[in-house]
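I have placed the structure first, in the form of structure tokens, so that the comments after it can refer back to it.
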Amino acid sequence: MMSKLGVAVVGMSMMLQAVAQEARPDPKATEAWTPEPARIVPGTATRAPSDAVVLFDGTDAREWVSAASPAKAAGWTVADGTLTVRGGSGDIQTRRTFTDYQIHLEWRVPATLTGTGQARGNSGLFLSTGTGNGYELQILDCADNKTYVNGQAASIYKQHVPLVNACAAAGEWQTYDVIWTAPRFGADGALVSPAYVTALHNGVLVQNHVALTGESLHAGRPAYRKHGAAPIKLQDHGDAVSFRNIWVRPL
Ligand code: MG
């Protein structure tokens, strides 16, 4: 027969056990079940994800217009599944406008380049046209081509040097995968939050969530001016740079 003291000890230990059980957090309490992320079919090297807006699939340039005269069709060449700069025809931009997005684009500079520095396979992916100048992720031959480092391929032109030079040889296809966060402005036009860019060049991280200081300028300091959703633009810098497999996923 248990003594009174024994009964008290057993009772106390049962109480402590109950308290300990109560204090142990329930793992279910921290599980989130909704909302479920949308199920999509991921892309491959040649196929866009199922929820992407395809901007160029090799057949036509219907998603693009002249940047100088948006009522006019893009003046670049579509042939052999590629979209190629026709020097002097001008920049082209998307018909649609975008705010935040993920983009995939493949580009190729000619294998037969003769220029140097900025005159060697120059084009550009303007992540937003902004108020006109836009924000340029540089496209340029950089396999064997010296130029200022904040103007080389995968630089945010005159703002951010790429973390590494991930260039392939001229004449080879290269990829850009970019996450763009548009700048935000207040009603008075003041900057609320800057634009951010994360970019991979040929699958290698080259810009890691860098904050931009404004729209790209060839000369002078970048500056922000209020804008909203805007087109994406590709640059005609005179070189016959080609593009293929361009798609975008608005976020
Ligand atoms: Mg350029």
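Just so it is clear, the model here is predicted, and its values are computed rather than measured. Atoms within a ligand are numbered from 1 in the order they appear, just like the ligands themselves. All values below were derived from every heavy atom in this structure, side-chain atoms included, with hydrogens, water molecules and symmetry-related copies excluded. All residue numbers refer to positions in the sequence shown, counting from 1.
- At least one N/O/S atom of Gln138, whether from backbone or side chain, sits less than 2.8 Å from the Mg ion (ligand 1).
- Ring to ring, Tyr148 and His218 are not that close: their centroids are 6.0 angstrom or more apart.
- The side-chain tip of Arg95 does not point at the ring of Trp64 from less than 6.0 angstrom away and within 45° of straight on.
- Among the atoms of Tyr157, no N, O or S atom is found under 2.8 Å from the Mg ion (ligand 1).
- Inter-residue side-chain proximity for Tyr157 and Leu140 is flagged as unmet; no heavy-atom pair is nearer than 4.5 Å.
- The Mg ion (ligand 1) is closest to atom OE2 of Glu136 (considering only N, O or S atoms).
- Inter-residue side-chain proximity for Val85 and Asp239 is flagged as unmet; no heavy-atom pair is nearer than 4.5 Å.
- An angle of 80° is found at the Mg ion (ligand 1) between Asn122 atom OD1 and Ser123 atom O, rounded to 10°.
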